[in-house]
Amino acid sequence: MFENYKVYETEFAGRPLVVETGKTTQLANGACFIRYGETVVHVAVTASAKPRDGIDFFPLSVDYEEKQYALGKIPGAYGKREGRPSEKAILVSRVIDRPIRPLFPKDMRNDVSIVCTVMAYDPDCLPEIAAMVGTSVALSISDVPWNGPISAVSVGLVDDEFVINPTKEQRERSQMAVTVASTDSRIAMIEAGANIIPDDVMYNGIMAGHEANQQLIEFIKGIQAEIGKEKFSYPSNEPDHDMFEAIKEFSIDDIRVALDTDDKKVRDDRLKPIYDAVHEKFDEIYPDSAEKIDECLYKTQKFVVRRWLLDEQKRVDGRGMNDMRPLASEVGILPRVHGSGLFTRGQTQVLTITTLGSVSDQQTMDGIDDITTKRYIHHYNFPSYSVGETKPSRGPGRREIGHGALAERALVPVIPSVEEFPYTIRLVSEILSSNGSTSQGSICGSTLSLMDAGVPIKAPVAGISCGLITEGERWMTMVDIQGLEDFFGDMDFKVAGTKEGITAIQMDLKISGLTPEMVKEALEKTHVARNYILDEVMLKAIPAPRAELSKYAPKMISTVIPIDKIREVIGSGGKVIQKICAECDVKIDIEEDGHVFVSGIDIDNCNRAMTIVDTIVSDPEPGTIYKGRVTRLMEFGAFVEIAPGKEGLCHISQLDVKRTEKVTDVVNVDDVIIVKVLDIDDKGRLNLSRREALIEVEGLTPENDLPPRRPAGNRNGGFRCGRRNNYND
């Protein structure tokens, strides 16, 4: 029945990699199952038979789908179905898209859809890597025009050794997580997060991944040679050569003048009459190709910018190849927020706001991996006004999610641990103006905002981008590319890091790939640039994190208690912890490992609540002073609860520094008083003294020093402990 069924197997990074084709998905242009270890991903490629009309771009869509059944889980949503893609799924879709897109014909307008479905998940074999390899296989054997194959690997650094496709245990110990995609000759994509890794180590890791990719590329070429389909033909959307040359000759001088400015708005205003003049002249000459006139104008602008760069080393705003636009940094922009930082680079401007919350405010994750919560969150908003447009806001798209994730990844290595700084941290980067590299501007603005909020980051982080222009064997790089250089150039190589090393990389290309020399030069230039930004701009605005948090930020303290004591702190039905929170006006979070986090606006209330928790989980010791609440009055004294379930007697002779005739002369029920533990009898009952606490804490002098009266109560002079119902400091 399945005469076309084929199985291809190889071993890669110590695990079997199997490709299956021909049994399923018969109606797609190309499809395969890829099995890596016990991870299984299904990839299907489809293309429309005809081009889409009225567009000036290649309509490629990539969807990476995580199915909960892959991990043996039932979705938690009400309908028990997978909902919208997780942020991780969106990010993986973008990572798959970036290396394959430049390998499609630039003049093709047929819709192409790629769907990667994770059907089984092995934590030791990343499904995103399997999906990228599977995408390359499906495209290679399909009839869709594509100049592949590619391969992709994950590179880790474990015990100072590079590891290809590290296992889960190795990833947990790795100092970097770098995804490298390659063609058979060049590096096609880099996506990296790293724990402040030196540039040379990062470069060597990228090269290790590029070398490892060659094994799988040869494997895929073998499959393609055996079962690959002939690529279909398509109508080219390339403008007619004579039409382009005529429009270029008519407009090129005016376009040179229009582009020669450092102001994006001025440039756009200068181009509008040129477009009008070109359409007025050429709409009648080419009535059947009027929609391609704008594309000819775009290509003319691209021709001008690239010739300036390649032939004259001239940038549109007059900068040198290694010069940055004017820079500025400010902090404390907004009142009442916990922290804010404004970073400006030319006409790119980002305002980032920091909000601190309790540990329970952390984000809950619902993906197929083992990451269930996230306490550092970075959101990125790109409103239409930032580029002078009037589009309505529709919520974050893939671009916004991707840029926010890049900034988040860049700062993760410097965020203090929850033990050092027991807060959930949310950053929101608002793009106020955009003319290139807003993601890197948001990294700089976020560092400023964190320091303004008093977050004790390990080191400040800056981000910068590097561009590239190529022509045959000629190429040159430029630092801090603006929008026009991004549109008409060949690369946007974004690197973030501290002065000591790299924390994140994202590389976007419009060409098939980079040589090792290009990668090395980009790393060198971005290293110099980010150090300049840190020293000359950011650290002059705020040299170190503020010593104190904003008065509007919640105050947080933490401790660790024995796991077997958690139940006592929570109480039956949560009664104990709820009463502590109400009494002290705080919020308390307790984790399964015994970590306790207390947050509130008033630090004294936080300390009081923590003291109550400490008292619950530990036995009171003689000589310790507590704050407690009076629960009952007797003729011979008052019962005081110093913590839920821990109550003692303060004898009438110990109620005050002066002689007390009646208990009610000094205290009443529900009064909060300080007491000192005098002793604990062999039955664990507490003997308390307000008198000694006042002398020790407030320095009061006793008016008399009479011997204490013998406690009333049982025959031994002791007392019965009362019910648990109150707490103290």
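Counting begins at 1 with the first residue of the sequence.
- Counting only heavy atoms from C-beta outward, the side chains of Ile74 and Gln68 never approach each other to under 4.5 Å.
- In this structure, the side chain of Arg15 does not engage the main chain of Gly37 through any donor-acceptor pair within 3.5 Å.
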**Q.** Worked check of side-chain contact (heavy atoms from CB on, under 4.5 Å) between Leu157 and Val201
**A.** CA-CA 9 Å; Leu157 181 64; Val201 176; 3.9 Å; yes
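- Ion pairing of Asp184 with Lys221 is present here, as a side-chain N (NZ or NE/NH1/NH2) and a carboxylate O approach within less than 4.0 Å.
- In summary, Arg307 and Glu471 engage in a salt bridge, as defined by a charged side-chain N under 4.0 Å from a carboxylate O.
- Using a 4.5 Å heavy-atom cutoff, the side chains of Asn204 and Phe162 are in contact.
- Partner of Tyr36 under the side chain to side chain donor-acceptor pair (under 3.5 Å) criterion, chosen from Asn165, Asp124, Asp122: Asn165.
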Q: Go through the steps for Val316 and Val305 under the test side-chain contact (heavy atoms from CB on, under 4.5 Å), then give the verdict.
A: CA-CA 7 Å; Val316 293; Val305 171; 4.0 Å; yes
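- Between Asp311 and Arg306 no salt bridge is recorded (no basic side-chain N to carboxylate O distance below 4.0 Å).
- The number of heavy-atom neighbours closer than 6.0 Å to CZ of Arg474, taken from other residues, nucleotides and ligands shown, is above 12.
- At a cut-off of 3.5 Å, with distance as the only test, no side-chain donor of Ser442 or His403 sits close to an acceptor on the other residue.
- A salt bridge does not link Glu191 with Arg94: every distance from a Lys NZ or Arg NE/NH1/NH2 to an Asp or Glu carboxylate oxygen is 4.0 Å or more.
- Ile150 places none of its side-chain heavy atoms less than 4.5 Å from the side chain of Ser182.
- Applying the ring pair (Phe, Tyr, Trp, His ring centres under 6.0 Å) definition to pairs two or more places apart or across chains, none involves residues 167-187.
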Q. Yes or no on side-chain contact (heavy atoms from CB on, under 4.5 Å) for Phe493 and Ser465, after CA distance, side-chain angles and deciding distance?
A. CA-CA 5 Å; Phe493 197 115; Ser465 62; over 6 Å; no
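- Looking at Arg35 and Glu20, a side-chain N of the basic residue comes within less than 4.0 Å of a carboxylate O on the acidic one, giving a salt bridge.
- Under the 4.0 Å criterion applied to side-chain N and carboxylate O atoms, Lys525 and Glu521 are assigned as salt-bridge partners.
- Checking side-chain atoms of Thr179 against main-chain N and O of Ser154 turns up no donor-acceptor pair under 3.5 Å.
- Across Asp63, Leu139, Asp97, a single residue satisfies side chain to side chain contact (heavy atoms under 4.5 Å, CB included) together with Ile114, and that is Leu139.
- For Ser142 (side chain) and Gly30 (main-chain N/O), no donor-acceptor pair under 3.5 Å exists by modelled atom type.
- A donor-acceptor pair is defined here as one N or O able to donate and one able to accept, closer than 3.5 Å; no such pair exists between the side chain of Asp159 and the backbone of Glu161.
- Under a 4.0 Å N-O distance rule, the pair Arg530/Asp480 does not qualify as a salt bridge.
- Taking the ring axis of Phe303 as reference, the NZ or CZ atom of Lys248 stays within 45° of it and closer than 6.0 Å to the ring centre.
- Close placement of the Phe488 and Tyr298 rings is indicated, their centers lying within 6.0 Å of each other.
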Q: Decide yes or no on side-chain contact (heavy atoms from CB on, under 4.5 Å) for Ile505 and Met202, but give the supporting numbers first.
A: CA-CA 10 Å; Ile505 296 177; Met202 177 62 72; 3.6 Å; yes
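- A salt bridge is defined here as a Lys NZ or Arg NE, NH1 or NH2 lying under 4.0 Å from an Asp or Glu carboxylate O, and Lys292 with Glu295 fails to meet this definition.
- With a 4.5 Å cut-off on side-chain heavy atoms, Met518 and Thr477 do not count as touching.
- Cation-pi contact between Lys302 and Phe487: absent, since separation from the ring centre below 6.0 Å together with deviation from the ring axis within 45° is not met.
- Using a cut-off of 4.0 Å between Lys/Arg side-chain N and Asp/Glu carboxylate O, Glu485 and Arg315 are scored as salt-bridged.
- Paired with Thr21 under the rule side chain to side chain contact (heavy atoms under 4.5 Å, CB included), one option of Ile227, Val7, Asn4 passes, and it is Ile227.
- Looking only at side-chain heavy atoms (C-beta outward), Val115 and Glu65 come within less than 4.5 Å of each other.
- With contacts defined as side-chain heavy-atom distances shorter than 4.5 Å, the pair Tyr121/Glu38 does not qualify.
- Lys6 and Glu226 are joined by a salt bridge, as a carboxylate oxygen and a charged side-chain nitrogen come within less than 4.0 angstrom of each other.
- Side-chain atoms of Asn29 and Asp143 form a donor-acceptor pair, as typed in the model, at a separation below 3.5 Å.
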